[in-house]
Amino acid sequence: MSATRYLPEDRGLESLETAADRCRGCPLYADATQTVFGHGPPGAALMLVGEQPGDQEDRAGLPFVGPAGRLLARALDEAGIDPALTYQTNAVKHFKFTRKGGKRRIHQKPSRTEVVACRPWLIAEIEAVRPRVIVCLGATAAQSLLGAAFRVSTQRGRVVELPSAVDVRLTPEPVVVPTVHPSSVLRDRSAGHDAAYRSFVDDLCGARDAYE
Ligand code: URA
């Protein structure tokens with residue numbers, strides 16, 4: 001299971017996006033509405049990688065347009081980063097879900113096999129965008145680029161290098177700043193919500209400092 005054979009020869013963002021529309025590298029294409037490719041200016045200094053499109057992203061065909069995306073945009077803004085100048089994408093390009101009560105689509109975490117199968121698209125996006133810093137939002141994105149043993153809980157906010165096993169052909173290579181997923185901040189309705197949001201903004205400030 002891999003997306004590799006669906007990658008086009010021309011590795012510009014537009015041809016990648018067109019080719020990704022036809023990807024059958026894992027079974028997730030079958031139930032999703034469409035491939036949700038990354039979005040943002042080529043040459044963006046900051047790339048943000050989420051887990052997978054949610055229900056709204058699957059319908060819109062764009063990443064981070066739902067509630068998690070709105071929290072992300074607010075946090076970026078507070079960190080002094082213009083969201084429109086970032087490239088936003090996901091580790092997995094199709095929405096994985098189960099149906100509840102016939103209609104409602106409930107997000108399902110992608111398997112490690114699906115994440116690895118989709119990784120060639122993410123690597124190709126990194127090579128096409130040439131970001132200075134990649135922020136991994138949550139464990140799925142962090143483990144896609146930093147390995148299955150990577151723990152966001154203990155390493156969040158640090159500036160880490162891409163492991164040599166991830167073959168990104170760029171000089172200099174971008175660095176990675178792992179942090180939590182914005183939906184974990186959204187879901188936190190405890191007394192710690194504000195602190196969780198502040199820590200998320202702090203991690204984004206750290207990412208900004210790494211390319212400014
Ligand atoms: N969550 C993600 O990880 N990505 C999106 O695009 C939206 C929600």
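All ligand and atom numbering here is 1-based and tracks the order in the structure. These numbers come from a predicted model, not from an experiment.
Near G50, the atoms of ligand 1 lying under 4.0 angstrom from a non-hydrogen atom of the residue are 3 (O). Within the listing of ligand 1, atoms 1 (N), 2 (C), 3 (O) sit less than 4.0 angstrom from a heavy atom of H181. Using a 4.0 Å cut-off to heavy atoms of P63, the atoms of ligand 1 that qualify are 6 (O).
The protein heavy atom nearest to atom 2 (C) of ligand 1 is Q52 O, 3.0 Å. Closest protein heavy atom to atom 4 (N) of ligand 1: N90 OD1, 2.7 Å.
Annotation for T89 and F64: closest pair O-CE1, 3.7 Å, computed over non-hydrogen atoms.
Considering K93, R11, R130, R119 as possible partners of E125, the one that fulfils the salt bridge (charged side-chain N to carboxylate O under 4.0 Å, His left out) test is K93.
Residues satisfying the salt bridge (Lys or Arg N to Asp or Glu O under 4.0 Å) criterion with R198, sequence neighbours excluded, are E78.
Cation-pi geometry between R59 and F95 is not met: the NZ or CZ atom fails to fall both under 6.0 Å from the ring centre and inside 45° of the normal.
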Intermediate values then yes/no, side-chain contact (heavy atoms from CB on, under 4.5 Å), R104 and R99:
CA-CA 6 Å; R104 251 186 87 208; R99 286 207 184 265; over 6 Å; no

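Contacts of E51 with ligand 1, taken as heavy-atom pairs under 4.0 Å, involve both backbone and side chain.
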